[in-house]
Amino acid sequence: MDSAVSDNTFLDSDEQTLVKIVVTGPFGVGKTTLINTLSETAPLHTEEVMTQAGAAADDLAGVRDKATTTVAIDFGRRTLPGDLVLYLFGTPGQKRFKPLWEDIARGALGAVVLVDTRRLDDSFDVIDMIEQQGLSYAVAVNNFPDSPGYPPEVLRDHLDLEPHTPLVVCDARETTSAVDVLIALVTHLLTAHPVLEAS
Ligand SMILES: Nc1nc2c(ncn2[C@@H]2O[C@H](COP(=O)(O)OP(=O)(O)O)[C@@H](O)[C@H]2O)c(=O)[nH]1
Ligand SMILES: [Mg+2]
């Protein structure tokens, strides 16, 4: 299944093109799973403590746990054919984490937005943030056993996607399926950033 991946994935060389990609979406949508499936190095998983709404700051004394929340961040690396090395940063897409989200997304070339059709509206925040940041992205619908299936045009319409934005269905636990998501994104990025193709 991994035959398309080059053998020297751990050696940096002049031929390699390094690209930062954000994997994002609501809690529980499969970000950690996707990065674990894809990563050729041991994936890194960190927790960041975030303060919540500023209005709560006055009440911090003695109630710290109530005014903070833990945000999980994932990191992995995947090499695609053509010596394209993708550094994958997984980060939650809720608007209340916007400052952290922007820090992580800075310098990224593109994003994978994972979507769960059982709660499509949870994806609006993250799509807004991505568009504000000017990032190119692909939408990957992660299928769960009780996920309602919608025709692509219904999903596109509901998520208000541009016609050129890739929309794919995936199983984040399956390597081939997860790689297909990256290929959809990279193919899209090549159109927007032809320099990648030249290197
Ligand atoms: N059926 C199914 N379950 C999945 C898939 N991806 C993730 N899960 C499960 O969904 C739960 C949440 O996934 P996780 O990767 O932790 O979500 P995150 O919060 O976005 O990082 C876990 O129990 C996963 O095993 C998938 O493609 N299909
Ligand atoms: Mg996670």
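Counting starts at 1 for both ligands and their atoms, following the listed order.
In terms of protein heavy-atom proximity, atom 22 (C) of ligand 1 is closest to Thr33 OG1, 4.5 Å. Looking at atom 2 (C) of ligand 1, its nearest protein heavy atom turns out to be Arg173 CZ, 3.4 Å. Nearest protein neighbour of atom 11 (C) of ligand 1, counting heavy atoms only, is Gly28 O, 4.4 Å. Among all protein heavy atoms, the one lying closest to atom 16 (O) of ligand 1 is Thr32 CB, 4.1 Å. For atom 8 (N) of ligand 1, the closest non-hydrogen atom of the protein is Phe144 CE2, 3.5 Å.
If you look at Asn143 next to ligand 1, the close heavy atoms, those under 4.0 Å, all belong to the backbone. Only the side chain of Asn142 comes within 4.0 Å of ligand 1, judged by heavy-atom distances. When heavy-atom distances to ligand 1 are checked against a 4.0 Å cut-off, Pro26 comes that close only through its backbone atoms N, CA, C and O.
Between Asp116 atom CG and Asp121 atom CG the span is 11.5 Å, to the nearest 0.5 Å. Atoms CG and CG, from Leu38 and Leu86 in turn, are 8.5 Å apart once rounded to the nearest 0.5 Å. Atom-to-atom distance recorded for Arg173:CZ and Asn143:CG is 9.5 Å, nearest 0.5 angstrom. The CD1 atom of Ile183 sits 9.5 Å away from atom OG1 of Thr176, with the distance rounded to the nearest 0.5 Å. Expressed to the nearest 0.5 Å, how far NE2 of His164 lies from OG of Ser136 amounts to 7.0 Å. Rounding to the nearest 0.5 Å places OG1 of Thr33 at 9.0 Å from CG of Leu114.
Taking the side chain as every heavy atom from C-beta outward, Thr32 and His45 approach each other to under 4.5 Å. Counting only heavy atoms from C-beta outward, the side chains of Val168 and Leu185 never approach each other to under 4.5 Å. Using a 4.5 Å cut-off on side-chain heavy atoms (C-beta onward), Leu155 and Thr117 make contact.
Taking only nitrogen or oxygen atoms, main chain and side chain alike, Gly30 reaches within less than 3.5 Å of ligand 1. For a threshold of 3.5 Å applied to N or O pairs, the pair formed by Asp74 and ligand 1 contains no separation below that value. Ligand 1 has an N or O atom lying under 3.5 Å from an N or O atom of Ala172, backbone or side chain. Of the N or O atoms in Cys170, none lie within a sub-3.5 Å distance of an N or O in ligand 1. Annotation: Val29 places an N or O atom under 3.5 Å from an N or O atom of ligand 1; distance criterion only.
For atom 18 (P) of ligand 1, a protein heavy-atom neighbour is found at a distance under 4.0 Å.
Between Phe97 and Phe27, the two ring planes are perpendicular [angle over 60°; tilted spans 30° to 60°].
Val115 and Val169 fall within a single hydrophobic cluster, where Ile, Leu, Val, Met, Phe, Trp and Tyr are joined by side-chain heavy atoms under 4.5 Å apart, directly or via other members.
Taking a cut-off of 2.8 Å, the protein N, O or S atoms nearer than that to the Mg ion (ligand 2) are Thr32 OG1.
Residues Thr79 and Glu40 have side chains that bring a donor and an acceptor to within less than 3.5 angstrom of each other.
The ligand atoms of ligand 1 that sit less than 4.0 angstrom from a heavy atom of Asp171 are 26 (C), 27 (O), 28 (N). Taking every non-hydrogen atom of Pro145 and a distance limit under 4.0 Å, the qualifying atoms of ligand 1 come out as 1 (N).
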>> Between Asp74 and Lys31, does the salt bridge (Lys or Arg N to Asp or Glu O under 4.0 Å) criterion hold? Intermediate values first, please.
In response: CA-CA 8 Å; Asp74 306 289; Lys31 301 178 295 293; over 6 Å; no
Give every donor-acceptor pair under 3.5 Å between a side-chain atom in residues 18-25 and any protein atom, sequence neighbours left out.
residue	atom	partner	partner atom	Å
Lys20	NZ	Ile104	O	2.7
Lys20	NZ	Arg106	O	2.7
Thr24	OG1	Thr91	O	2.8
Thr24	OG1	Trp101	NE1	3.1

